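Inspection log for the structure reproduced underneath, given as structure tokens.
This is a predicted model, so every value here is computed, not measured. Here is how names work: the chains are called A, B, and so on, in the same order as the sequence lines, proteins then strands, and each is numbered from 1.
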There are 2 protein chains.
Amino acid sequence: MISNRDESKRRLTASGIKPTFQRAVILEAVRGKNGHPAIRDLHARLLRDVPTLSKTTLYSTLELFARKGLVKPLFIDPAEVRYDGVAEPHHHFYCTACRRILDIDIACSTGRAGRIHGHQVDEVHGYFKGLCRDCLAGGRLSRAANVSIHNSPRRKPHA
Amino acid sequence: MISNRDESKRRLTASGIKPTFQRAVILEAVRGKNGHPAIRDLHARLLRDVPTLSKTTLYSTLELFARKGLVKPLFIDPAEVRYDGVAEPHHHFYCTACRRILDIDIACSTGRAGRIHGHQVDEVHGYFKGLCRDCLAGGRLSRAANVSIHNSPRRKPHA
DNA sequence: TCTCTATTTGAAATCATTACAGATTGGATT
DNA sequence: AATCCAATCTGTAATGATTTCAAATAGAGA
């Protein structure tokens with residue numbers, strides 16, 4: 001059986017990126033459980049295994065990944081950029097309560113890219129916002145759940 | 001003929017908002033030409049007519065408007081929140097070159113709201129990104145055109 | 001081992017957004 | 001018209017994600 005680490009390195013190489021240790025660890029994390037992490041999440045999560053990992057590295061590495069098409073930055077969370085380790089186009093649901101981002105498998109009539117009204121469309125994002133199934137059922141919020149920018153959250157609470 | 005100012009005040013009253021001078025001016029601006037402005041745009045634009053207008057007022061007023069459903073905040077621009085003065089749901093195109101946001105009139109198969117996968121959907125946003133018709137034709141960029149967060153821009157250029 | 005270049009790191013700078021407290025306004029009451 | 005009260009508005013400071021930048025480190029090749 002192959003490790004996720006090796007799997008990540010193979011993906012890096014396949015995308016024309018030199019597979020360094022940090023890059024493999026980061027890619028592994030973006031694609032792992034708890035999908036759609038923010039830089040802050042990745043930093044907190046990875047610091048346990050790689051105590052020297054800097055946020056600067058995370059920022060520059062994720063930019064590299066995005067440029068190479070390995071990950072997709074999502075601007076659905078008003079507080080911070082979230083990253084999607086699955087590059088294949090699909091839509092997202094953002095829960096304004098627990099702040100989780102869930103994949104939405106819906107075949108939108110509107111094609112993936114091409115031309116619309118004469119504009120060259122490179123990316124199509126379907127963003128659905130509301131309360132996720134778990135929060136509707138009174139689930140325990142998995143995040144600080146206090147962001148702002150209107151109904152959605154952003155930044156810190158009033159503490 | 002009725003002025004835009006009066007029109008704005010009527011809208012405010014209709015939404016249950018006390019129509020103060022500042023609020024009327026701000027609503028007028030969000031709905032005016034150059035659609036989908038950021039707080040920064042509004043501040044620069046309105047400072048000519050209302051020299052005392054503070055950014056704090058803009059932030060709190062737009063939050064009020066959004067809460068009352070008069071405007072919609074858009075998170076399509078990685079650099080800052082943009083506001084849509086047209087509340088009726090429709091989709092948007094973001095030009096990564098000139099940073100303009102253009103309305104897209106497309107009837108998406110996916111309904112406006114309701115339930116998806118058990119989640120309660122309050123908002124649906126269709127975000128298309130790419131190069132607008134004008135920029136494709138080599139148009140002069142209408143904005144700084146230097147933002148970042150990967151292909152899209154954010155913050156300042158490298159100067 | 002030595003060099004050279006790419007990568008990683010830490011610290012400082014930038015800037016949109018938020019928090020807060022004081023100043024102002026407008027209406028109701030006297 | 002003077003007074004009071006509550007809602008608005010304003011300026012300043014704090015917060016925190018993101019960027020910038022230069023120095024430290026690691027790796028490939030001679």
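- A straight line from CG of A/D41 to C1' of D/dA17 spans 13 Å, rounded to a whole angstrom.
- Within the 4.5 Å cutoff, the side chain of B/I39 has no heavy atoms near those of the B/V81 side chain.
- Looking only at atom types and distance, the side chain of B/H90 has no donor-acceptor partner in the side chain of B/E88 under 3.5 Å away.
- In terms of modelled atom types and a separation under 3.5 Å, the side chain of B/S60 and the main chain of B/T57 share a donor-acceptor contact.
- The nearest whole Å value for the distance from the CG atom in B/L58 to the P atom in D/dG11 is 11 Å.
- Summarising the geometry, the separation between CZ on A/F21 and P on D/dA26 is reported as 12 Å, rounded to the nearest angstrom.
- As a whole-Å value, the separation of A/E63 CD from D/dT18 C1' is 11 Å.
- Spacing between atom CG of A/D77 and atom C1' of C/dT17 amounts to 14 Å, rounded to whole angstrom units.
- Of the side-chain N and O atoms in B/Q22, none sit less than 4.0 angstrom from OP1 or OP2 of C/dT25.
- Atom pair B/H43:NE2 and D/dT10:C1' shows a separation of 10 Å (rounding to whole Å applied).
- Of all nucleotides listed (C/dT8, D/dT18, C/dA6), C/dT8 comes nearest to the side chain of A/T57.
- In this model, no donor atom of one side chain and acceptor atom of the other lie less than 3.5 Å apart for A/H36 and A/D41.
- Within the 4.0 Å cut-off from OP1 or OP2 of C/dT18, not a single side-chain nitrogen or oxygen of B/Y59 is found.
- Sorted by residue number, the list of members of residues 44-55 of chain B with any non-hydrogen atom under 4.0 Å from DNA chain C is empty.
- Candidate nucleotides D/dT18, D/dT10, D/dA17 were compared by shortest atom distance to the side chain of A/V81, and D/dT18 ranks first.
- Side chains of A/D84 and A/H92: a donor on one and an acceptor on the other come within 3.5 Å.
- Evaluation of atom-type donor-acceptor distances gives no pair under 3.5 Å for the side chain of B/S60 against the base of D/dT8.
- You'll find the ring centres of A/Y94 and A/Y127 outside the 6.0 Å limit.
- With sequence neighbours excluded, the residues satisfying salt bridge (Lys or Arg N to Asp or Glu O under 4.0 Å) with B/R5 are B/E28.
- As a whole-Å value, the separation of A/K18 NZ from D/dT25 C1' is 13 Å.
- Per the geometry, CZ belonging to A/R40 stands 10 Å off C1' belonging to D/dA17, to the nearest Å.
- In this structure, B/T20 reaches the sugar-phosphate backbone alone: every heavy-atom distance under 4.0 Å involves primed, P, OP1 or OP2 atoms, never a base.
- Distances from the side chain of B/T56 to the nucleotides D/dA7, D/dT10, C/dT17 place D/dT10 closest.
- Note on B/R23: a side-chain N or O is less than 4.0 Å away from OP1 or OP2 of D/dC9.
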